[in-house]
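One structure is given here, and the rest of the page talks about it.
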Amino acid sequence: MQIYLDTANISHIREAAAWGILSGVTTNPSLLAKEDPNVDVKERIREIHSLVGGHLSVEVISTETDGMVREAHEILEWFPEATIKIPMIPTGLGAVKRLSDENIPTNVTLIFNPVQALAANNAGATYVSVFLGRIDDIGMSSSAILEEITGIWYTHNLESQIIAASIRTPLHIIESAKLGAHIATVPYNTLKQSLQHPLTDKGVQLFLDDYAKMQTEIAKLKG
Ligand code: E4P
């Protein structure tokens, strides 16, 4: 399962990119606005891509099919590598179909149930983003819904790649991998938390301490 970073924060992206485990980045209007209300979106997107490469989803803000398709073309003029992120609404499906006919990659976002995922696949979406955390927020089981979706996917050999999104905890990453999501897009804090373990830190410290002790002994022996 590939890992994307779900953020528009440039210092977090720079740090995580250096770990060498990222295959892409997803952004949305809320993530961009959270960083800096005056952010130059085009500059920020291009900077993110220069750091990570790979997949980069850029979301449209129109809600009508024609507007979404027009916006997608505008985005591709200044950032040709973009995957166009489209909301899972009926007009969005129409836009996905038209963009897919032009071989433009799309990521259908805000998916909460298997029928939405199936519809997005059938419209020609390259990616379908299932929002785990927001499903849990309304008292439903994100892992049960993701299991239904991946079950349908592998039964019918469907083409869209499943992105587990709205990840809030390390457990969401584990469940996504176990259930067969192709990608998890993870906020910086959750990714960092998942990579840390107290026994790893304790073990590293022990190795360093033992190495230092050994050096002291060697120095003593040498007089
Ligand atoms: C995915 O592409 C979205 O940007 C993101 O995962 C939304 O997560 P949230 O529910 O934590 O806002």
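Whatever order the structure lists them in is the order used to number ligands and atoms, beginning at 1. Numbers here simply count residues along the sequence, with the first being 1.
Residue T109 places no N or O, backbone or side chain, under 3.5 Å from any N or O of ligand 1. Every N/O-N/O distance between T27 and ligand 1 stays at or above 3.5 Å. At least one N/O-N/O distance between R134 and ligand 1 falls below 3.5 Å.
A salt bridge does not link R134 with D137: every distance from a Lys NZ or Arg NE/NH1/NH2 to an Asp or Glu carboxylate oxygen is 4.0 Å or more. Between R14 and E47, at least one side-chain N (NZ, or NE/NH1/NH2) sits under 4.0 Å from a carboxylate O, which counts as a salt bridge.
Residue S166 has at least one heavy-atom neighbour below 4.0 Å for each of these atoms of ligand 1: 5 (C), 6 (O), 8 (O), 9 (P), 10 (O), 11 (O). Every atom of ligand 1 with a heavy atom of A165 under 4.0 Å away is listed here by number and element: 1 (C), 6 (O). The distance from ligand 1 to the heavy atoms of F131 drops below 4.0 Å at these ligand atoms: 1 (C), 3 (C), 7 (C). Interface of K85 with ligand 1, defined as ligand atoms under 4.0 Å from a residue heavy atom, comprises 1 (C), 2 (O), 3 (C), 4 (O).
E102 and H73 are linked by a side-chain donor-acceptor pair at a separation below 3.5 angstrom, with hydrogens and angles left out of the test.
Partner N9 forms a side-chain contact (heavy atoms from CB on, under 4.5 Å) with one of E15, K34, E35 and no other, that one being E35.
Heavy atoms of other residues, nucleotides or ligands lying less than 6.0 angstrom from CG of L206 number more than 12.
Using bins of under 30°, 30° to 60° and over 60° for the plane-to-plane angle, the ring pair Y188/W19 lands in the parallel bin.
Of the candidates I163, N28, L132, the one placing a heavy atom closest to atom 3 (C) of ligand 1 is N28.
Residue S129 does not touch ligand 1, judged by heavy-atom distances below 4.0 Å.
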